[in-house]
K.L.:
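Let me begin by handing over the structure; questions about it come next.
Worth saying up front: this structure is predicted, and the values here are computed from it rather than measured.
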Amino acid sequence: MTTDRSSSRPARGVAYPGALRLAAACAAVLLPLAGGAVAYAKPGTAVASDRPAPPTALWGLEAYPGTTQVQALADRNAAPSDTPLTASGVSWQGDARLLGAQTVAFDGASSYLSASPSALNTAGTFSLAAWVRLTDTSVSRVFASKASSGQATLSAGYDSETNRWLVLMPSKTGKGARWSAARSVSVPQVGLWAHLAVVHDASAHTLTLRVNGVAEATVGNVTAVDDPTGQVRLGRGDTTWWQGNLADARVYDRALVDQDFTGWLASDPGSGGFDEPGLLRPVQVGRWAFELATPCYEENLDPSLCYAGDASVFGRRLALTKGADVTAGQRGNALALDDTHWIEDPTDPHYGEATQEYGRTQSDVLDPETFAGQDVPVLRTDQSFTLSTWVRLDPTRGAQTVLSQDAVDRSVLRLSYEPADGGRWEFGMLATATADESTATYATAPAARPDQWHHLVAVLDATHREARLYVDGTLAEAVGLNPAWQPYQATGPLLVGRSTTLAGPAGWLYGQVDDLGLYQGALSAAEVQRLFDAEAVRPVPLPSDGRWPGPAR
C-alpha cells in the first residue's frame, strides 16, 4: 500500500472540510455512559405514543469526568417524582468497573443506599434492573429490597445455599406469607459484573429473573404486596448486606421486554420511531477519530503536538512517536504509521529519517517540564471489553500489529495481521499476564485485500469465556477461552501499531488506523453491525450510463 503524502495530508492541526459532518455522524454511534439516556429519532419519523416508557427512577452510582458523586446518587429521571438516594456508610471504589471512574461500594455489613417509598410499588407491575458485582459468597446477600412493617416485599440478591441469584416476594408482610421465588440457572461469578433484572407483571401474576438479559426463571401465580411506607434499599435486605458494587440501577413501572436489553431500532414496532440503546450496552471508554490529531515532528517539544485527543468523557490522550503522521482516512483523517519520518523538506534534519512509529494511551495530565503524559491502560481486561477500529496496511511487510495491550513485559492481547495462510486477521489473548503464547486463545479470519479499508472488532466476553472477531460487521469466528484463562488486569497502555515481546517491540504497522473505539463490555453482533453501518463510507455508484453528470445549469 502506498500513500501520496502531498495530496492526502491536511494542514497541521486543521481538520478536513467534512470534519463537522463526521463529528455529527460519530455522535450517533457513541454508546453513552452507564446511567445515561440517549435516543435518536429516525429522520422524518413522527414520535408515536407507543414509545417504551423510560425508567421512573434512574441512579447512575458512578462518578467520572463530568459527573460528581452527588450526581451519581441523584435520580437522573426525576419524572414523575424525584427520588434521590441517601447514603449510609457507603464508599467509592476507584476503577471498579471503568478505569478513571468511581463506583459505589458496599462493605457487606452495614452500608446501604435508600430512596423514598414512592420509588417502587411492589404490588403493581414493575421492573428493577442494575449492574451488580459480588465479591463474597460466604453468606447470602441482597443487593435490592423494599422494606415493610414486616418482611421485605421484595428481596433480590445471592443465595449461598444454592449458589444462585435469587428473587423473593411474599404474599403479605406478616406471618403465614406464601413466597414466590425466582432462582437463576447460571452460577454467579465472584468479581465479574453481571446485569440482573427483576420483572413483576401484576396482570399475568408472574415474577421473572433476567441475568444478562436472559430470562432464566419465571414463576406464576404470584401474589404481591406493597407497604407504601417502606423504603427502597440498595445494598441490603432485612438482615443481609451486599458486599461488592452496584451501577446503573433503574426502576420501571412496566415489564421489561427483550428489546429493552438489546436496544430498540426506530423501525421496530413499539419503538415510537426512536433508536434507543439497550440496558446491556457497553460503555465507551475511549474514542480516537483522528479528526484533530497532530502529526509528530519530534516528541515532547510542544504539548499541542504528537497526540490524538480522546472524544470520550475520559479525555485520555493517544501519544504519538516521532514520524507518526495524519493523513486522509477511511473517512476524515486517519493515523498513518510507517518506517520513515513524514517531513518532506529535503533541508530539514529529519528528512528521510528512519523511524519506529506507534501510539500509546496516556492520562490527560501532562508533566509541565516534558509535556509527557503517564502511560495508562484504558480497559479493564479482567472484565468483558471490545476493541473496534478501521485499518488498512501493506501486506508485503509481513506480520503487523494493529492494537495490543501491554502488561509488565509483554502484550497480553493483540489484534493483528498475519501473512500465513494467504493472510489472516487474528485476535489473541494470553491466559495470564505472565503466560507465554502457548496459552493464548485465538479468533481468526481470512484477510482479503488488507491493503483496503476493513472494520475489525475484537470482543472478550468474560462472562461466557469467549473471544470473538468480527470483520466488516460480520462475525468471523467465536472461540472459547483457553481453560487456563483467569480474569486479570493488564496495567500497561494500549498500543496502536506495535506489540511488546520479551525480546522487545515487534509487529510494527505499515498502514493506517481510523475510528478507534474502546468499550467496557461486550458489543453484541447487532451492535457491531450497526457500528459498521454507521461508520462505513460506501462508494457512490455511477449513473447507469457510466458518466458523472455535468455541473448544474
Side-chain angles (χ1 to χ4, degrees), residues 95-99 133 135 187-194 282 285-286 358-361 375-389 398-421 424-445 447 456-470 476-509 516 518-523:
D95 302 333
R97 190 168 83 109
L98 310 172
L99 297 183
R133 178 172 175 263
T135 57
V187 177
Q189 300 181 55
V190 174
L192 283 183
W193 284 90
V285 293
Y358 72 103
R360 64 193 184 280
T361 53
D375 291 356
V376 295
V378 175
L379 294 166
R380 286 207 66 101
T381 56
D382 60 349
Q383 305 289 334
S384 299
F385 63 82
T386 301
L387 312 172
S388 172
T389 194
Q400 300 170 57
T401 300
V402 182
L403 303 173
S404 66
Q405 169 68 54
D406 269 6
V408 177
D409 57 4
R410 71 200 70 190
S411 293
V412 294
L413 70 88
R414 189 174 69 249
L415 180 60
S416 62
Y417 169 78
E418 300 294 333
D421 304 324
R424 66 173 182 256
W425 304 112
E426 281 190 355
F427 169 45
M429 180 86 181
L430 298 184
T432 71
T434 57
D436 58 32
E437 288 288 331
S438 66
T439 71
T441 299
Y442 289 102
T444 66
L456 304 181
V457 174
V459 175
L460 190 287
D461 188 335
T463 301
H464 298 99
R465 297 183 61 87
E466 187 176 72
R468 300 192 286 270
L469 178 61
Y470 297 80
E477 187 174 32
V479 296
L481 294 175
N482 187 307
W485 182 84
Q486 293 298 324
Y488 62 90
Q489 178 58 35
T491 56
L494 183 95
L495 305 181
V496 180
R498 56 148 268 216
S499 54
T500 303
T501 70
L502 294 179
W508 302 95
L509 180 70
L516 169 59
L518 306 180
Y519 303 84
Q520 199 66 64
L523 280 179

K.L.:
Given side chains that start at C-beta, do those of F385 and Y519 come closer than 4.5 Å, heavy atoms only?
P.N.:
no
K.L.:
How far apart are the closest heavy atoms of A506 and T401, and which atoms are they?
P.N.:
O-OG1, 4.3 Å
K.L.:
Which pair of heavy atoms, one from V412 and one from A490, lies closest together, and at what distance?
P.N.:
CG2-CB, 3.7 Å
K.L.:
Of the non-hydrogen atoms in L460 and W485, which two are nearest, and what is the gap between them?
P.N.:
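Scanning both residues, the minimum pair turns out to be CD1-CZ2, 4.1 Å.
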K.L.:
Is the side chain of S384 donor-acceptor paired with the backbone N or O of A462 at a distance under 3.5 Å, no angle test?
P.N.:
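Looks like yes, one N/O pair under 3.5 Å.
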K.L.:
Under a 4.5 Å cut-off applied to non-hydrogen side-chain atoms, are L413 and L387 in contact?
P.N.:
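Yes. Closest side-chain heavy atoms under 4.5 Å.
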K.L.:
Within the 3.5 Å criterion, strictly below it, is a donor on S499 or S411 matched to an acceptor on the partner's side chain?
P.N.:
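There is no such pair (donor and acceptor under 3.5 Å, judged by atom type) between the side chains of S499 and S411.
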K.L.:
Using a 3.5 Å distance criterion without hydrogens, assess whether the side chain of Q400 forms a donor-acceptor pair with backbone atoms of G398.
P.N.:
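Here the side-chain-to-backbone pair exists.
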K.L.:
So V285 and L99, do their side chains get closer than 4.5 Å, heavy atoms only?
P.N.:
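A side-chain contact is absent here, since even the closest heavy-atom pair is not under 4.5 Å.
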K.L.:
Taking E466 for its side chain and A478 for its backbone only, find out whether a donor-acceptor pair lies under 3.5 Å.
P.N.:
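Between the backbone of A478 and the side chain of E466 there is no qualifying donor-acceptor contact (under 3.5 Å).
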K.L.:
In plain terms, say whether E437 and R410 are close enough for a salt bridge, that is, a side-chain N and a carboxylate O under 4.0 Å apart.
P.N.:
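Here E437 does not pair with R410 in a salt bridge, since their nearest N and O are not under 4.0 Å apart.
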K.L.:
Using a 4.5 Å cut-off on heavy atoms from C-beta on, say whether the side chain of T434 contacts that of V408.
P.N.:
no
